[in-house]
**Q** 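The structure under discussion is supplied below as structure tokens; questions concerning it will follow.
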Amino acid sequence: MMEALAWIGLDWDEGPKVDDDGSLTARGAYGPYRQSERSALYAAVARRLEAAGHTYRDDRTSEELEAWRAAQRAGGDGGPPVVKASTFERSPEELERSAAEGRPASLRLRTPEDGEVVVTDLVRGEIRFDWATISDPVIERSDGSATYPLANSVDDLAQGIDLVCRGEDLLSVTPRQVLLHELLLGEGLLDDALAEVGLPARDPSFGPVTRFAHLPMVVGPDRKKLSKRHGSVSVQEFRRQGFLPETLRNYLALLGWAPKDGRERLNDDELVAEFDLAAVGRSAAAFDVDKLTAFNGERIRELPAGTLTERLVPHLDGTEGEAALLSSPPTEDELRVLRGLVPLVQERMQRLDEIVDYAGPFLQQEVTLDPDSVAKVFTKAGSYEAIEAAERVLVDVDWTTEAIEAALRALPDELGIGFGKVAQPIRVAATGSSVSPPLFESLELLGRERSLQRLAAAAPQARAARGGG
RNA sequence: GCCCCCGUCGUCUAGCGGCCUAGGACGCCGCCCUCUCAAGGCGGUAACGAGGGUUCAAAUCCCUUCGGGGGUACCA
């Protein structure tokens, strides 16, 4: 995931990071940043919460709880399946007995039995929850490890987080987090715990978490949320397909947000200057690959030719895809061909990986004719005539785009067919396909020798396609 | 089931009581350009989920309803 973020260009100032040699380190002054390295802190906080009476022990197993919830949901006699101290807290005697039997117990946070919590959210405004509908969360597992609610609250406060910005899927979990924050800060529990485990005290500038922003979900075409795992897999996939990271950044920013003036093409500077959490929409946004692709094409067209050439190389030398049309590193000859090709294909590409199909005929000595193109073009009247005439007329022409064009433009008159009809067979013969970069430029780039050789090789095939002769 | 969030063209969105016979972008369709494919230009298609209110006036405010999503873990 960090690799995916790094590629997209979404950087972070503080936190874990992967070094160039692949090892996991960290940067920032408020570490450690891995939860596994902070377990002593979580435990210290938990002990204090417990001592202050904000928690209680629960010795039920996951299976027992699950069964209880299922029964509650189905039967509906004892109310909704909400775990509360009022019905779940064991007496000291029960706990003692249970401990004697060796039953491990988890630690639950005691949340209010009733009343209301109000969460103020930057994108959604005020949201009200009824404490009676919120279960007491387990903050420490029966094996003593901290759960996400505890670790997350402790870390946010200890590390000076003042804006919690996350997906809407965490909205309903916010009340317990707010409560934990009050407890940890209000009674100095966190500061004491920090001191106990020998971690530096909180920076004096650190206040409470002052803002929450729950961003709308980004969903797939099926309207279901994209998971973290799937998300990062597709980032790698986007990379291989030749989407530009700057396209992703631009497109992603537009999911749920739009600038005041409605522009859609925004660069990084404009994005950071204009993006505003308060202007973010509230409904889930579907990720539209077609639109992303169109954006990507526009950006590719804006790239300086030299830059595009460089960014194309990984898609040709096997780094990003299967294709190995270039040596690694590319030879000067190969680069010359690529540089010549770029201006011809730049405006017709939407993804970098499309270069593989375009470049094949130019980087390889031999070309294989696409059967569909052969069937579509060689069977038409004038096909082999055009190819043979092109051979004849191109042998001694100056090998420049202009001269090639002049020579071929003369053929329609001679053959009595339209230029389209003469160009297509020649295109298929030279590039192997009925779809290619502009013909004259392509021939020039191929060189006289290869061009004539391919025309000569294709002529008999065209004759055959026309039904013998 | 219970709790929370959301609901404008197929999709991303603009709209925050009159400027809306609802604007833009992607897609799609047509035309122009044209050596293919693109690019580009021009035009078109298509939406306020439904029902009640409030108001002189509602996509915009309120209620109900329907629909979608999220949560409901000793996952994060």
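Here is how names work: the chains are called A, B, and so on, in the same order as the sequence lines, proteins then strands, and each is numbered from 1.
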**Q** Does B:U72 have a Watson-Crick or wobble mate here (both distances under 3.5 Å), and if so which one?
**A** B:G1

**Q** Walk along nucleotides 62-72 of chain B from 5' to 3' and tag each nucleotide B, S or - by protein heavy-atom contact under 4.0 Å, base first, then sugar-phosphate.
**A** -------BSSB

**Q** Return the pairing partner of B:A25 with a 3.5 Å limit on both distances, Watson-Crick or G-U wobble; otherwise return none.
**A** B:U11

**Q** Both distances below 3.5 Å, Watson-Crick or wobble geometry, any strand: find the nucleotide opposite B:U64.
**A**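 Answer to the pairing question: B:A50, which forms a Watson-Crick or G-U pair with B:U64.
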
**Q** According to side-chain contact (heavy atoms from CB on, under 4.5 Å), who are the partners of A:Gln177, at least two apart in sequence or on a separate chain?
**A**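 Checked A:Gln177 against side-chain contact (heavy atoms from CB on, under 4.5 Å); matches are A:Asn152, A:Ser153, A:Asp156, A:Arg166, A:His181, A:Phe212.
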
**Q** Could you tell me how far apart A:Leu266 (CG) and B:U13 (C1') are, to the nearest whole angstrom?
**A**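 Value for this atom pair: 13 Å.
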
**Q** Distance only, no hydrogens: is a donor on one side chain within 3.5 Å (strictly under) of an acceptor on the other, for A:Thr379 and A:Arg466?
**A** no

**Q** Which ring pair (Phe, Tyr, Trp, His ring centres under 6.0 Å) pairs, counting each pair once, include a residue from residues 127-152 of chain A, with sequence neighbours left out?
**A** none

**Q** Which part of the nucleic acid, if any, lies within reach of A:Gly256 when heavy atoms closer than 4.0 Å are counted: base, sugar-phosphate only, or nothing?
**A**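 Sugar-phosphate only.
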
**Q** Using heavy atoms to find the nearest nucleotide of RNA chain B for A:Leu65 and A:Leu255 separately, return the residue whose nucleotide is more 5′.
**A** A:Leu255

**Q** Please identify each residue that fulfils ring pair (Phe, Tyr, Trp, His ring centres under 6.0 Å) with A:Tyr30, with sequence neighbours left out.
**A**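 Result, ring pair (Phe, Tyr, Trp, His ring centres under 6.0 Å) vs A:Tyr30: A:Phe206.
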
**Q** Just by distance, do the side chain of A:Trp399 and the backbone of A:Leu443 share a donor-acceptor pair under 3.5 Å?
**A**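 It does hold such a pair.
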
**Q** To the nearest 0.5 Å, what is the distance between OG (A:Ser436) and CZ (A:Arg348)?
**A**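 Between atom OG of A:Ser436 and atom CZ of A:Arg348 there are 8.0 Å.
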
**Q** When the C1' atoms of B:G15 and B:C9 are considered, how many whole Å apart are they?
**A**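 It works out to 14 Å between them.
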
**Q** Atom CG of A:Leu252 to atom P of B:U13: distance rounded to whole Å?
**A** 12 Å

**Q** Applying ring pair (Phe, Tyr, Trp, His ring centres under 6.0 Å) as the test, list every pair that has at least one member in residues 271-299 of chain A; sequence neighbours left out.
**A**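 Matches after skipping sequence neighbours: A:Phe238-A:Phe287, A:Tyr251-A:Phe287, A:Trp257-A:Phe275.
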
**Q** I'd like to compare against my own output: the B/S/- annotation of nucleotides 23-39 of chain B with a strict under-4.0 Å heavy-atom distance to protein.
**A** -BBS--------BBBBS

**Q** Measure CD1/A:Ile127 against C1'/B:C4 and give the value in whole Å, please.
**A**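 Checked: the CD1 to C1' distance equals 8 Å.
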
**Q** To the nearest Å, how far apart are A:Leu107 CG and B:A73 P?
**A** 18 Å

**Q** Using modelled atom types only, decide if a donor and an acceptor are shared between the side chain of A:Arg108 and the backbone of A:Val83 within a distance under 3.5 Å.
**A** no

**Q** Quick check for you: among B:A76, B:C74, B:C12, whose closest atom lies nearest to any side-chain atom of A:Ala285?
**A** B:C12

**Q** Quick one: on RNA chain B, does A:Arg108 or A:Thr133 contact a more 5' nucleotide (nearest heavy atom)?
**A**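 Looking at RNA chain B, the more 5' nearest nucleotide goes with A:Thr133.
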
**Q** Suppose we call two aromatic rings close when their centres sit under 6.0 Å apart. Are A:Trp12 and A:Tyr33 close by that rule?
**A** no

**Q** Check the distance between B:U13's C1' and A:Leu254's CG and give it to me in whole angstrom.
**A** 8 Å

**Q** Distance-only, no hydrogens or angles: does the A:Glu64 side chain make a donor-acceptor pair with backbone N or O of A:Thr61 under 3.5 Å?
**A** yes

**Q** Could you tell me how far apart A:Arg265 (CZ) and B:C12 (C1') are, to the nearest whole angstrom?
**A**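 My rounded result for the distance is 15 Å.
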
**Q** Heavy atoms from C-beta onward define the side chain here; which of B:C2, B:C6, B:A14 lies closest to that of A:Pro80?
**A**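 Closest nucleotide to the A:Pro80 side chain: B:C2.
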
**Q** Mind checking A:Ser283 for me? I need base, sugar-phosphate or nothing, with any heavy atom below 4.0 Å counting as a touch.
**A** sugar-phosphate

**Q** So what does A:Arg60 hit on the nucleic acid, given a heavy-atom distance under 4.0 Å: a base, only sugar-phosphate, or nothing?
**A** base

**Q** Considering every strand shown, what is the Watson-Crick or G-U wobble mate of B:G40 when both distances are under 3.5 Å?
**A** B:C32

**Q** Could you tell me the separation between the CZ atom of A:Arg124 and the C1' atom of B:G7, rounded to a whole number of Å?
**A** 12 Å

**Q** Nearest whole angstrom, please: distance from the C1' of B:U13 to the CD of A:Glu274.
**A** 16 Å

**Q** Checking only heavy atoms, does the side chain of A:Thr147 share a donor-acceptor pair with the base of B:C74 at less than 3.5 Å?
**A** no

